[in-house]
Amino acid sequence: MPELPEVETIAAILRHGSDDQPPVTGRQILDAHLLWERTLATPPSAVFKARIVGQTIIDSGRRGKYLLLPLSADTLIIHLRMSGDLFVESVTEPPALHHRLMLDLEGRLRLAFNDTRKFGRVWLTSDPGAVLGRLGPEPLDPAFTAGDLYQRLQTRRRQIKPLLLDQSFLAGMGNIYTYEALNLARLHPLIIANTLTEEQTEQLWGAIRQVLADGIRSNGASIDWVYRGGSYQHHFRVYKRAGEPCPECGTTVERIVVGQRGTHLCPRCQPLPGSD
DNA sequence: CACGAGACCTGTTCGC
DNA sequence: TGCGAACAGGTCTCGT
């Protein structure tokens with residue numbers, strides 16, 4: 001589930017709580033249990049527990065797709081990758097299948113990192129910049145303008161879709177929101193980045209911000225067996241709609257492969273210049 | 001710089 | 001029904 005809107009949603013739940021979860025901010029970490037060694041990127045597991053126990057969770061935020069939990073001395077950084085998720089539950093619950101890291105908190109609570117596919121990673125560091133250093137701009141930052149995007153596109157000769165997925169170009173876009181944005185902007189995923197006109201760039205910039213903002217407003221998307229209560233999946237225009245009519249023009253939605261990732265598009269709304 | 005392939009993992013869905 | 005292949009929200013590394 002985790003692209004920018006889903007990570008934003010989780011960060012907000014950890015900060016403010018939800019209907020069935022109290023907030024974790026302000027709580028001290030009393031114990032730590034690492035259940036899958038490779039989940040921990042740094043420090044070595046031998047020092048992780050001794051270092052994190054006793055620290056208090058100060059806040060909860062996000063940068064790109066990284067979840068940031070500033071602690072009293074360090075920052076806990078979590079990347080959910082493909083299947084990661086975070087739960088706040090009672091310490092009395094038996095650890096669920098696929099829990100990889102559990103932090104016992106004040107108030108008999110537990111913050112659990114659950115990650116079926118084991119791709120997710122956790123960092124405990126005093127220097128978040130070392131982990132986040134190469135991320136591109138935040139697409140929803142008010143300071144990020146269409147002109148900025150146009151500037152950044154000028155030096156790139158890559159196909160637009162893999163470029164938007166490149167986190168050093170723009171932080172937070174994932175596979176689904178990227179092709180949803182390209183569909184909304186009526187741009188083919190294979191268009192070469194520096195051939196976009198200023199007008200097309202403006203469309204793309206608006207579409208990116210719209211799909212992300214709508215995703216956040218819907219509390220993210222709930223897909224397949226991963227469910228968190230988000231509802232943005234009901235707004236998807238082309239995702240998993242290959243073979244169905246485009247909501248815009250009725251043409252059959254196609255699925256192609258770009259950079260080894262499935263990509264959905266409407267061939268009529270999103271024509272590729274120079275081919276027919 | 002750009003691209004493709006392979007790796008890392010488990011679970012579900014698809015096609016025969 | 002069974003079984004292997006393909007596929008899934010991400011990113012890293014290596015070779016060309």
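Per chain, numbering begins at 1; letters A, B, ... match sequence-line order.
Here C:dT11 presents its P atom at 13 Å from CG of A:Leu164, a figure rounded to the nearest Å. Atom pair A:Leu135:CG and C:dG10:P shows a separation of 14 Å (rounding to whole Å applied). The separation between A:Gln154 atom CD and B:dC1 atom P is 16 Å, rounded to whole Å. When the P atom of C:dC7 is taken as reference, atom CG of A:Asn175 falls 13 Å away, rounded to whole Å. When the C1' atom of C:dG10 is taken as reference, atom CG of A:Leu80 falls 10 Å away, rounded to whole Å. Rounded to whole Å, atom P of C:dC12 lies 9 Å from atom CD of A:Gln167. Straight-line distance from the CZ atom of A:Arg117 to the P atom of C:dC7: 13 Å, rounded to whole Å. Put simply, CZ on A:Arg158 is 12 Å from C1' on B:dG4, counting in whole angstrom units.
Within the 4.0 Å cut-off from OP1 or OP2 of C:dG9, not a single side-chain nitrogen or oxygen of A:Lys65 is found. For A:Arg261 and C:dA8, the shortest distance from a side-chain N or O to OP1 or OP2 is not below 4.0 Å. Within the structure, every side-chain polar atom (N or O) of A:Lys240 is placed at least 4.0 Å from both OP1 and OP2 of C:dA8.
Ring planes of A:Trp123 and A:Tyr66: tilted class, angle from 30 to 60°. Below 30°, between 30° and 60°, or above 60°: for A:Tyr232 and A:Phe236 the angle between ring planes is above 60°, a perpendicular geometry.
Separating the P atom of C:dA5 from that of B:dG6 is a span of 15 Å, rounded to the nearest Å. Annotation: C:dT1 and B:dG11 have their P atoms spaced 23 Å apart (nearest Å). Comparing the same atom, P, in C:dC7 and in B:dA5 gives a spacing of 13 Å after rounding to whole Å.
A:Arg134 comes within contact range of no nucleotide atom at all, as no heavy-atom separation falls under 4.0 Å. Among the heavy atoms of the strands lying under 4.0 Å from A:Gln159 are primed sugar atoms or P, OP1, OP2 only; no base atom is included. Among the protein residues, A:Arg121 comes within range of no part of the nucleic acid, since none of its heavy atoms lies under 4.0 Å from any strand.
Relative to the side chain of A:Gln260, the nucleotides B:dG11, C:dG9, B:dG6 differ in distance, and B:dG6 lies closest. Set against C:dG9, C:dT11, B:dT10, the side chain of A:His98 has B:dT10 as its closest nucleotide. Considering only the side chain of A:Lys118, B:dC9 comes nearest among C:dG9, C:dT11, B:dC9. Checking B:dC9, C:dC12, C:dG9 against every side-chain atom of A:Arg81, the shortest atom distance belongs to C:dC12.
For A:Arg156 and A:Phe169, the positive end is not near the middle of the six-membered ring at less than 6.0 Å and at most 45° from its axis.
Remark: the A:Arg156 side chain and the B:dA2 base include no donor-acceptor N/O pair separated by less than 3.5 Å.
Here the rule is salt bridge (charged side-chain N to carboxylate O under 4.0 Å, His left out) with A:Glu138, and of A:Lys65, A:Arg63, A:Arg209 only A:Arg63 fits it. A:Asn175 pairs in a side chain to side chain donor-acceptor pair (under 3.5 Å) with only one of the listed residues (A:Glu3, A:Glu180, A:His264, A:Lys161), which is A:Lys161.
The partner of B:dG11 is C:dC7, by the rule that a Watson-Crick or G-U pair needs both atom distances under 3.5 Å.
Interatomic distance, CD of A:Gln200 versus CD1 of A:Ile160, reported as 10.0 Å (0.5 Å rounding).
Ring stacking holds between A:Phe119 and B:dC8, with the centres under 5.5 Å apart and the planes within 30 degrees of each other.
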